[in-house]
Each structure stands twice: as structure tokens, then as C-alpha cells.
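Read the structure below first, then the notes.
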Number of protein chains: 2
Amino acid sequence: MTQSGIDIGERLKSIRKMHNLSQRELSRRAGVTNSTISLIEQNRVSPSVDSLKKLLEGFPMTLIDFFTMDMKPKQASFFRRDELVELSDSGSSLLLVGATRKDRKLRVLHETYPPGGGSGDDMISHEGEEAGVITKGSIQISIGNEVRILKEGEAYYIDSLIPHSFRNISDEECQIVSAATPPNF
Amino acid sequence: MTQSGIDIGERLKSIRKMHNLSQRELSRRAGVTNSTISLIEQNRVSPSVDSLKKLLEGFPMTLIDFFTMDMKPKQASFFRRDELVELSDSGSSLLLVGATRKDRKLRVLHETYPPGGGSGDDMISHEGEEAGVITKGSIQISIGNEVRILKEGEAYYIDSLIPHSFRNISDEECQIVSAATPPNF
DNA sequence: TTTAATTGTAAAATATATTGAACACTTGGC
DNA sequence: GCCAAGTGTTCAATATATTTTACAATTAAA
């Protein structure tokens with residue numbers, strides 16, 4: 001029988017429903033009996049780790065995912081261009097994706113740098129990681145004491161602790177999509 | 001008996017050792033028999049979620065912590081196009097940024113979908129958050145039971161555990177830069 | 001050495017998870 | 001109406017996890 005604090009049965013059931021699977025269909029995919037699934041979802045048994053793992057592989061999903069899952073309120077998913085929030089006051093443009101969401105784990109930006117534009121000397125460093133892809137033009141990126149020019153299709157991945165800055169030294173507009181976690185704004 | 005992929009027994013044992021606890025002492029704290037602990041550590045049984053939870057409370061530690069535990073090193077920097085790792089085997093292209101880093105918190109992809117291409121019919125779901133910007137063309141995105149077509153410059157931001165999929169139903173190539181945390185690959 | 005208190009392990013007994021085969025109920029043809 | 005295929009549930013049988021009790025090996029103190 002179960003007493004595990006978190007409602008494993010309910011959680012499994014809701015995941016199964018999300019994927020539009022019947023107990024029997026999940027049973028086939030996971031190699032666990034449909035009756036077992038029924039009992040687990042009713043919290044009449046506490047599944048072995050093996051069984052739970054098999055079941056999750058039917059989605060697929062990992063044990064980490066399962067135990068990390070918390071019910072979250074549904075929030076806006078799609079964003080038109082005018083729904084992206086402009087963060088920059090200079091000539092450059094920093095459009096934030098998902099600004100309306102309360103507790104983002106991710107800071108995704110669509111950045112546009114005109115010729116001569118740049119991020120300023122961003123000496124603020126914070127815990128986390130940051131990465132991006134150049135989607136148009138080229139840009140000079142300084143990371144620590146390294147300096148390099150990245151062209152369309154190239155990318156970077158850095159620890160946010162290391163001071164970094166961007167400058168468009170070309171005569172073309174440059175666009176970047178970047179992501180960081182945890183978000184610093 | 002166990003076959004759970006990850007070595008639960010070894011993991012439990014190493015955690016116990018880290019805390020300088022004997023099987024019997026952990027037994028007292030957790031309310032689980034020492035023989036059970038012995039069997040689990042030898043991987044001769046697959047503990048029930050209940051038992052594992054009780055054991056971890058003896059340290060204390062959560063199930064999330066337990067399953068998240070993975071040893072991780074570090075690295076950095078710039079990536080040319082040919083240094084991005086192709087993850088797709090179909091017609092679409094999924095280029096991973098920073099693949100050489102072992103401990104990424106971020107999964108940034110440069111995705112290219114030819115006309116008719118897509119992410120596959122199997123909707124994938126995993127714990128975390130995911131967002132992206134369409135940088136070229138347009139694409140149809142399904143999130144849960146919502147479907148929408150996003151054009152260049154538009155964006156999305158979703159909880160990763162909501163099943164989602166992409167399909168390019170236009171006659172032009174579509175490019176996206178997406179980011180997710182934590183990385184599922 | 002002996003004794004007592006540890007340690008991890010093992011076997012049989014017991015409790016529980018899982019299976020296999022039913023059940024009643026619904027849905028969509030025909 | 002009936003029938004076939006689907007749904008989730010229940011119960012007895014079986015497989016497995018957990019406990020109880022015991023054992024042998026180690027460590028420390030007398």
C-alpha cells in the first residue's frame with residue numbers, strides 16, 4: 001500500500017491522460033500489466049522502482065521528470081512579434097520571450113544589433129549558463145579575455161560568471177537568439 | 001530483482017557511506033530493516049518507492065535529489081557550424097550547441113525543417129521549460145491540444161511536460177532557435 | 001586469549017506487488 | 001435491438017519485496 005507523500009497514482013494517471021493513452025495501451029508500451037496500472041493509479045499499491053521506470057518509458061519520461069513534476073498553472077504558449085517585450089533602450093533590440101510568465105527558468109532573447117551596436121560592457125556576472133546562435137550577419141563576442149567573430153549559423157556557450165560582451169563591427173545588421181538559465185531578468 | 005538502468009544499490013550505498021552511516025543506523029532512522037537495505041544495495045531487489053523514500057528521509061534527501069544525482073565536469077566557448085552536433089536522423093536538422101560540455105544546464109538547438117518536415121508524430125514530454133524563436137519561414141506548432149502557425153520573428157514558451165510537436169506545412173524551409181532547461185539530451 | 005558490540009550477509013516467514021482471468025460498463029457500427 | 005471492441009475495475013494466484021531471526025567476520029576493551 002502507499003503512503004509516499006506525493007500522489008503517485010494521481011500523477012501517473014494525469015500523465016497517461018495527457019498522452020491520450022488507455023491503461024491497456026500504456027500496458028503494451030511499458031510491459032506492465034493493465035491491472036497493475038489500475039492498482040497503482042488508485043494508490044492501492046506502491047510500485048517498485050522498476051515498474052515505475054518501465055511505465056514512464058512508455059511515454060517516454062524519466063524518473064527524474066516524474067518526481068520533479070509539479071502541477072503548474074497553464075500559461076501563454078505562443079507569442080506574436082508585438083508580444084515580445086523590448087528590454088533595450090539603446091539602438092540595439094532585445095526582445096524577451098515569455099515575459100508574462102511568472103516564474104521562468106529560461107531567459108530567451110531575440111537580439112538585433114545594428115552596425116556599430118553592442119551590448120555595452122556587461123561586467124555583471126551571475127551564476128548560470130548562457131548560449132546562443134547567430135541567425136543573421138556576424139558579431140564580435142568577447143568572453144573573458146577571448147575575442148572572436150561569429151558568423152551566421154555559429155554559436156557560443158558560456159558560464160555566465162565570465163564577463164562577456166557583444167559588438168557588431170560589420171556594416172550589416174546582426175541577429176542572435178540567446179538563452180540563459182537561471183534568468184537574470 | 002533489479003534491472004533499473006541506473007545502479008540504485010550502488011547509489012544508495014555511496015550516499016550512506018558519505019553520511020558515515022551503517023546499514024543498521026540508517027535502518028533506525030528510516031524505519032526500514034537493515035536486511036532490506038543490504039538486499040537493495042546488492043541490487044537483489046528493486047525497492048518500492050515507499051521504501052526508497054523512507055530510506056532517503058534518513059539522510060535526509062528527496063527522491064528528486066536521488067534520481068538527479070549525476071557526476072558532472074565542465075568546459076566552454078565558441079562553436080563553428082561544423083562543431084554543432086547533429087541530433088536528427090530524419091530530413092530535419094537539429095544542431096546542438098555546446099555538446100562537448102558535460103554539465104550543461106541548457107539545451108540550445110538550431111533547428112531546420114524542410115517543407116513537410118517535423119519533429120515526428122510522437123509528442124515528446126519531459127520536465128522543464130522550453131522556448132524558441134522562429135528565425136526563418138513558418139511552422140505549425142502543437143502544444144497540448146492547441147495548434148498554431150508561427151512566422152519569422154514569433155516565439156513560443158511552454159512547460160516541457162505538455163506534449164508538443166512541430167511540423168513545417170509550408171513550402172519554404174523553416175529555421176528555429178530553441179532552448180530548454182534542464183536539457184533532456 | 002575472551003567477551004561484547006559492532007559490521008554486512010543469508011534463509012525462511014511474511015507482507016506486498018504484480019499477474020492472469022474474469023467482471024460490468026461504454027461506444028460505435030450494423 | 002445486437003454485437004464487437006474498447007474502457008477501468010476486481011479477485012485469486014503468483015512473483016517479489018520486506019521482515020524476522022540468525023550467522024560469520026571484524027573491532028575494541030578486558
Side-chain angles (χ1 to χ4, degrees), chain A residues 1-63 65-67 69 71, chain B residues 1-63 66-67 121-123 125 144-145 163:
Chain A
M1 196 179 346
T2 184
Q3 51 189 30
S4 173
I6 51 180
D7 190 339
I8 289 186
E10 182 53 44
R11 186 168 293 190
L12 177 62
K13 185 171 186 176
S14 76
I15 296 172
R16 180 172 62 79
K17 295 287 190 189
M18 272 187 191
H19 289 259
N20 289 320
L21 297 180
S22 69
Q23 290 180 344
R24 277 182 169 80
E25 175 65 25
L26 176 56
S27 166
R28 271 181 298 254
R29 299 196 188 190
V32 175
T33 308
N34 62 300
S35 25
T36 299
I37 298 174
S38 176
L39 295 174
I40 293 175
E41 291 188 350
Q42 298 172 80
N43 283 322
R44 289 173 53 178
V45 296
S46 172
S48 72
V49 172
D50 272 4
S51 298
L52 184 56
K53 175 127 189 294
K54 283 192 213 161
L55 287 169
L56 296 179
E57 281 167 353
F59 293 129
M61 174 181 279
T62 70
L63 287 163
D65 297 337
F66 183 81
F67 288 111
M69 239 179 96
M71 301 312 173
Chain B
M1 197 177 347
T2 185
Q3 52 191 31
S4 173
I6 52 178
D7 191 339
I8 291 186
E10 182 53 45
R11 186 169 293 190
L12 177 63
K13 185 172 184 176
S14 77
I15 295 172
R16 180 172 63 81
K17 294 288 190 188
M18 277 184 188
H19 290 256
N20 288 324
L21 298 180
S22 68
Q23 290 180 343
R24 277 181 168 81
E25 185 153 351
L26 175 57
S27 166
R28 268 176 255 120
R29 299 196 189 189
V32 174
T33 309
N34 62 300
S35 21
T36 298
I37 298 174
S38 175
L39 294 174
I40 293 174
E41 291 188 350
Q42 297 172 276
N43 283 320
R44 290 172 53 176
V45 295
S46 172
S48 72
V49 173
D50 273 4
S51 298
L52 184 55
K53 175 130 189 297
K54 283 191 214 162
L55 286 170
L56 296 178
E57 282 168 350
F59 293 130
M61 171 181 283
T62 71
L63 287 165
F66 183 80
F67 288 110
D121 293 328
D122 275 342
M123 292 202 174
S125 73
N145 46 14

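Convention: sequence-line order gives letters A, B, ...; per-chain numbering from 1. Values reported hereafter were calculated over all heavy atoms of this structure, with side chains retained and with hydrogens, waters and symmetry mates removed.
- The distance from atom CG of A/N43 to atom P of C/dA17 is 11 Å, rounded to the nearest whole Å.
- In summary, B/E10 and B/K13 do not engage in a salt bridge, as defined by a charged side-chain N under 4.0 Å from a carboxylate O.
- Considering only side-chain atoms of A/K17, the nucleotide from D/dT20, D/dG8, C/dA21 that sits closest is D/dG8.
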query = Once each nucleotide of nucleotides 22-28 of chain D is scored for protein heavy atoms under 4.0 Å, what B/S/- sequence comes out, 5' to 3'?
reply = B------
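- At least one side-chain nitrogen or oxygen of A/Q42 sits closer than 4.0 Å to the OP1 or OP2 atom of D/dT10.
- An OP1 or OP2 oxygen of C/dG8 is reached within less than 4.0 angstrom by a side-chain nitrogen or oxygen of B/R16.
- Close to D/dT9, at under 4.0 Å from its OP1 or OP2, lies a side-chain N or O of A/Q23.
- With D/dT20, C/dT18, D/dT10 as the candidates, the nucleotide lying closest to the side chain of A/S38 is D/dT10.
- The shortest heavy-atom contact between B/P47 and B/I40 is CB-CD1, 3.6 Å.
- The distance between atom CD of B/E25 and atom C1' of C/dT6, rounded to the nearest whole Å, is 12 Å.
- Atom pair A/L55:CG and C/dA17:C1' shows a separation of 12 Å (rounding to whole Å applied).
- Comparing B/L39 and B/S22 along DNA chain C, the residue whose closest nucleotide (by nearest heavy atom) sits nearer the 5' end is B/S22.
- At the phosphate of D/dT9, neither OP1 nor OP2 sits under 4.0 Å from any side-chain N or O atom of A/R44.
- The distance from atom CZ of A/R16 to atom CZ of A/R29, rounded to the nearest 0.5 Å, is 12.0 Å.
- When all heavy atoms are compared, the tightest approach of B/L63 to B/K53 is CD1-CD, 3.8 Å.
- Rounding to whole angstrom units, CG of residue A/L26 and P of D/dG8 are separated by 10 Å.
- A donor-acceptor pair shorter than 3.5 Å can be found between the side chains of B/Q42 and B/S38.
- When all heavy atoms of B/Q23 and B/I37 are compared, the closest pair comes out as O-CD1, 3.3 Å.
- The separation between A/K54 atom NZ and C/dT19 atom P is 6 Å, rounded to whole Å.
- Between A/T36 and C/dT18, a side-chain N or O to OP1/OP2 separation shorter than 4.0 Å is absent.
- OP1 or OP2 of D/dT16 has not a single side-chain nitrogen or oxygen of A/S48 nearer than 4.0 Å.
- Not a single donor-acceptor contact under 3.5 angstrom links the side-chain atoms of B/S46 to the base of D/dT16.
- With a 4.5 Å cut-off on side-chain heavy atoms, B/F67 and A/V49 count as touching.
- Remark: side-chain polar atoms of B/N43 are paired, donor with acceptor, to backbone N or O of B/G9 under 3.5 angstrom.
- Whole-Å rounding puts the B/I40 CD1 to D/dT19 C1' distance at 12 Å.
- Taking atom CG on A/D50 and atom C1' on C/dT16, their separation rounds to 15 Å, with Å as the unit.
- Between the CD1 atom of B/I37 and the P atom of D/dT20 there is a distance of 13 Å, given to the nearest Å.
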